[in-house]
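All chains are named by letter (A, B, ...) in the order of the sequence lines, taking the proteins before the strands, and each is independently numbered beginning at 1. Bear in mind the structure is a predicted one, so any value in this text is a computation, not a measurement.
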Amino acid sequence: MNSPISGSAAEGAYDRLHPKIRRWIRDQGWDELREIQARAIGTILDGTGDVVIAAATAAGKTEAAFLPILTLIAERKGGGFSAVYVSPLKALINDQFRRLDELCEAMEIPVVKWHGDASQAEKKKAIAKPSGIVLITPESIEAMLTRRPGDAARLFGAADFIVVDELHAFLQGPRGLHVASLLKRLDAMAQKPARRVGLSATIGDLNQAMAWLRPTAPQTVDLLLAKADAPELRLQIRGYVEPPDLDDPDHAEGSGQDVQAPRRIALDAICDHLFPTLRGTNNLVFGGSRRTVESAADRLRRRCEKAGVPNEFYPHHGSLSKTFREDLEIRLKDGSLPTTAVCTSTLELGVDIGSVKSVAQIGAPRSLSSLRQRLGRTGRRRGTPSILRVYVREPYVDVKSSILDQLRSNTIRSVAVVRLLLAGFVEPAAPSPETVSTLIHQVLSVIAERGGIRAKPLFDLLCGPGPFDSIEPADFAQLLRHLGSPEVRMLEQAPDGVLMLGSEGEKIVQSRDFFAVFESSEEWRLTAAGRTLGALPISFPVHKDSLVVFAGQRWIVLDVDEGGKVLSVAPHPGGMVPRFEPSSGEPAHDRLLAEMRAVYLDNDVPEYLDKAAQELLAEGRDTFRALDLDRRSVIQEERDLHLFVWRSSQTTAVFGAALGMAGLECGIHDLGVTVPKTTSAEMLPILEKLGSMSALDPMDVAAFVKNVRAGKFQDFVPETLAQKQWALQNGQFVGTATAIAKTLR
DNA sequence: GACCTGCTGCGGTATG
């Protein structure tokens, strides 16, 4: 049989694969290897170092990594896993298992799924005879190290490769710090450190990815970038204005939440457009919050009922039970019934749901990396376009309204985001404020793993180049002393200096929720006729006869089990949409604010705006000009003073903290800060003083920052260490804040 | 003015 692979480079790559892999490729009916796959085969077979493979979704990254890896490990038998694949999602492990299992079976290489829902028997088998490939979550690696330290080295210590999937998901946040630390610890127990292969779709700064993958030698990481061949993009931005005096833009249609006479809110009009536009095809609607998702899904279901047609709109978010979510994912992938999922960010990455016809977004986006990921769900078949509809909600305004509302910043932001999307911009990863909290977790974990360890080898194992590089020996000593203090009792020190777990540390490590480095909140479990619907935040006020909209249906609470934290419900026509826990918003990048300013200054009216959005854009620009915001940045509005900063959320927050030092409490928004009950006459000398401080010490600003501590173990982080870390991560923004103060006028 | 992610080991019982 002739080689099915065309192109000389690809042909060469194909010929170098293991004969059984070549047969499998022919059996798949593939007529060519993708370019990224051919290049990965060359790099992995010829090289000895680490590799980052960055390519669009559905470009065949998994095969790009595993075809050459399997070729190299084909002849290895037993003696530990040959390759460790780390994934942030169980669902992704299940998908990859289906893709790898058949190929590996042909090669007689075992593959084992290793996560909380995976078969105990399979895991036991692998512990007895570890071999081949393991597909595992970070938390399961953590559990292995702390609960079976004797087995860990035998299982992982001989691996030739560690593959990290969805690498971009680990470039920031506590879980990224956690996995990076686990990689170091796996290296420390290995006879020879494994080669690392990172797989990713959207990465804003590739240097960050290389540094994350091999902190000791980022420049040695081979980088394989797939040429982007993005499908044609069709897009529309639609504008909607809320009615006057609205207190809840997500309330349930025709419910008691609508206290005054029922009236139409923006969400009603948005769903009036979504219903006929999306019906009959598969789509994703991103709602932004679980509350908006429930409210919109409920409206769309009612429109189906009214039209006398079967419902095809279903909610999907993290509080819904697994069964609901999986049923919907299967229905989307299967494709025999038209289906639209109204979701939060749950369907943004990972799980295989096939290609959808269009993506809709309720509310103006703020993050390019997330919008890109969402768009990647459409236009996956050759020749079909990506379709994106953005539904922008703006408040009602009249002469008494705040200028912040009159500036129509949501509409402006939508236009700016589209411009940056077309320009190919993606935000880099932001620093993670959970550093010390995650270090505490790893300190406890290493002590549990080894039974006890002295401070110096503990520091050498965890710190230095890598996730905790910013922790100096003196910081580490301070942290250990604090953890060992009589008030904390996380650690104890034996007379010979060996650190061991204290009574509190023992309790924490033994608990079932030790393995994850992120927090989880307490919730009510919601059941109907014995079936679990999902979970509601414990803060949601409930009592018998409460009405609730959940899982796309309306319910009445029959019974409240305080002890078991269970709510029993039954279908009911009324219902309130529950409020979930609020937290801080998605951060905006400097470049987005610069682009928003450019949109205000320009005169072009993009043709992708509907008539209402065009009017909102014009209103925003008129207000911008009337206030002369091109030249002015300090605007008095009655007793409030607005300072227009035009910088990232992080810079604006630091600027706000610097004002806090001067005794001014202020509110922070996209465009800048608002200081209540202050005049520009009072403000100008303060700004002048701030601007003249050439060396404002970030440590001094840190003292005025609320929530300087973050993460699961934030209560155990010494305040001064938290402030020092904040100053390290925000020092550059403090400098920017003084520079901003100089320019405001 | 937000979202998402993860989970051991034991003892009990039922089933092939």
Side-chain angles (χ1 to χ4, degrees), chain A residues 86-94 113-118 120-121 123-124 127 136-149 151-152 165-166 168-170 172-179 182 248-250 286-294 315-320 322 325 342-351 361-367 369-371 373-374 393 395 404 409-410 413 434 438 441 445 448-449 508-521 535 537 579-588 649 652-653 667-671 674 712:
Chain A
V86 185
S87 155
L89 300 174
K90 289 183 288 193
L92 202 53
I93 286 177
N94 297 340
K113 282 187 277 191
W114 198 298
H115 57 64
D117 301 337
Q120 292 266 6
K123 289 192 254 184
K124 272 199 184 131
I127 289 173
I136 193 166
T137 59
E139 288 71 21
S140 285
I141 297 178
E142 180 64 54
M144 193 75 213
L145 294 180
T146 48
R147 295 288 200 265
R148 297 174 165 271
D151 293 325
D165 204 357
E166 306 284 358
H168 58 276
F170 293 124
Q172 59 181 9
R175 215 163 167 220
L177 299 170
H178 185 200
V179 179
L182 292 175
D248 180 3
D250 290 322
F286 289 94
S289 74
R290 285 172 280 193
R291 189 170 156 75
T292 308
V293 161
E294 285 291 354
H316 191 285
H317 57 74
S319 295
L320 280 172
K322 214 177 127 174
R325 292 164 60 170
V342 188
C343 58
T344 53
S345 58
T346 36
L347 292 175
E348 195 171 291
L349 71 114
V351 288
Q361 158 97 26
I362 302 177
R366 202 178 256 107
S367 148
S369 68
S370 140
L371 183 64
Q373 205 78 40
R374 292 173 185 189
R393 292 188 281 188
L404 295 180
S409 63
N410 296 325
R413 197 170 76 237
E434 300 88 353
T438 310
H441 180 263
S445 170
E449 177 198 335
I508 289 169
V509 171
Q510 284 312 318
S511 95
R512 189 174 156 278
D513 57 25
F514 174 69
F515 310 111
V517 293
F518 49 86
E519 296 166 276
S520 44
S521 50
R579 284 179 202 277
F580 294 86
E581 300 284 340
S583 80
S584 60
E586 200 173 52
S649 307
T652 307
I668 291 166
H669 49 84
D670 263 1
L671 305 182
T674 296
K712 187 178 180 184

Would you say a side-chain N or O of A/R291 is under 4.0 Å from OP1 or OP2 of B/dA2? no
Would you find a donor on one side and an acceptor on the other, under 3.5 Å apart, between the side chain of A/R147 and the backbone of A/E449? no
Among the nucleotides B/dG9, B/dA2, B/dC4, which one has an atom lying closest to any side-chain atom of A/R148? B/dG9
Distance, rounded to the nearest Å, where A/L371 contributes CG and B/dC3 contributes P: 18 Å
Rounded to whole Å, the CG-C1' distance (A/D250 to B/dA2) equals 12 Å
State which of B/dG1, B/dC3, B/dG6 makes the closest approach to the side chain of A/D513. B/dG6
Got a salt bridge between A/K712 and A/E519, using NZ or NE/NH1/NH2 to carboxylate O under 4.0 Å? no
When rounded to whole Å, the CD to P distance for the pair A/Q373 and B/dC4 reads 16 Å
So, is A/R366 close to the B/dG1 phosphate, meaning a side-chain N or O under 4.0 Å from OP1 or OP2? no
Distance col, row A/H178:NE2 vs A/F518:CZ, nearest 0.5 angstrom, shows 10.0 Å
Starting at CG of A/L182 and ending at P of B/dC7, how long is that distance when rounded to a whole Å? 13 Å
Between CZ of A/R290 and C1' of B/dT5 the distance, given in whole Å, is 12 Å
Closest to the 5' end of DNA chain B, once A/H669 and A/S345 are matched to their nearest nucleotides, is A/H669
Would you indicate, yes or no, if B/dT5 has its OP1 or OP2 atom less than 4.0 angstrom from a side-chain nitrogen or oxygen of A/R325? yes
Can you check the A/E586 CD to B/dA2 P distance for me, whole Å? 12 Å
Is A/D250 salt-bridged to A/R290, cutoff N-O under 4.0 Å? no
Scan A/N410 against the nucleic acid and name what it touches under 4.0 Å (heavy atoms): base, sugar-phosphate only, or nothing. nothing
Phosphate OP1/OP2 of B/dC4 contacted by A/T344 side-chain N/O (<4.0 Å): yes
I want to verify a distance call: between B/dG9, B/dA2, B/dG6, whose nearest atom is closest to the A/R147 side chain? B/dG9
Across the strands shown, which category fits A/R175 at heavy-atom distances under 4.0 angstrom: base, sugar-phosphate, nothing? base
Reported CG-to-CD distance for the pair A/L145 and A/E142, which is rounded to 0.5 angstrom: 6.0 Å
Nearest-angstrom distance from the residue atom NZ of A/K123 to P of B/dG9: 8 Å
Does one side chain, of A/T674 or A/H669, offer a donor that lies under 3.5 Å from an acceptor on the other? yes
The side-chain contact (heavy atoms from CB on, under 4.5 Å) partner of A/S511 among A/V509, A/I508, A/D513 is A/D513
Check the distance between B/dC4's C1' and A/E519's CD and give it to me in whole angstrom. 14 Å
Using only atom types and a distance under 3.5 Å, with no angle test, would you say the side chain of A/S140 pairs donor to acceptor with the backbone of A/I136? no
Report the residue (A/Q510 or A/G288) whose heavy-atom-nearest nucleotide on DNA chain B is the more 5′ of the two. A/G288
With stacking defined as ring centroids separated by under 5.5 Å and planes differing by under 30°, is A/F518 stacked against B/dT5? yes
So, with a heavy-atom separation below 4.0 Å from DNA chain B, the residues of residues 139-146 of chain A are A/E139, A/S140, A/A143
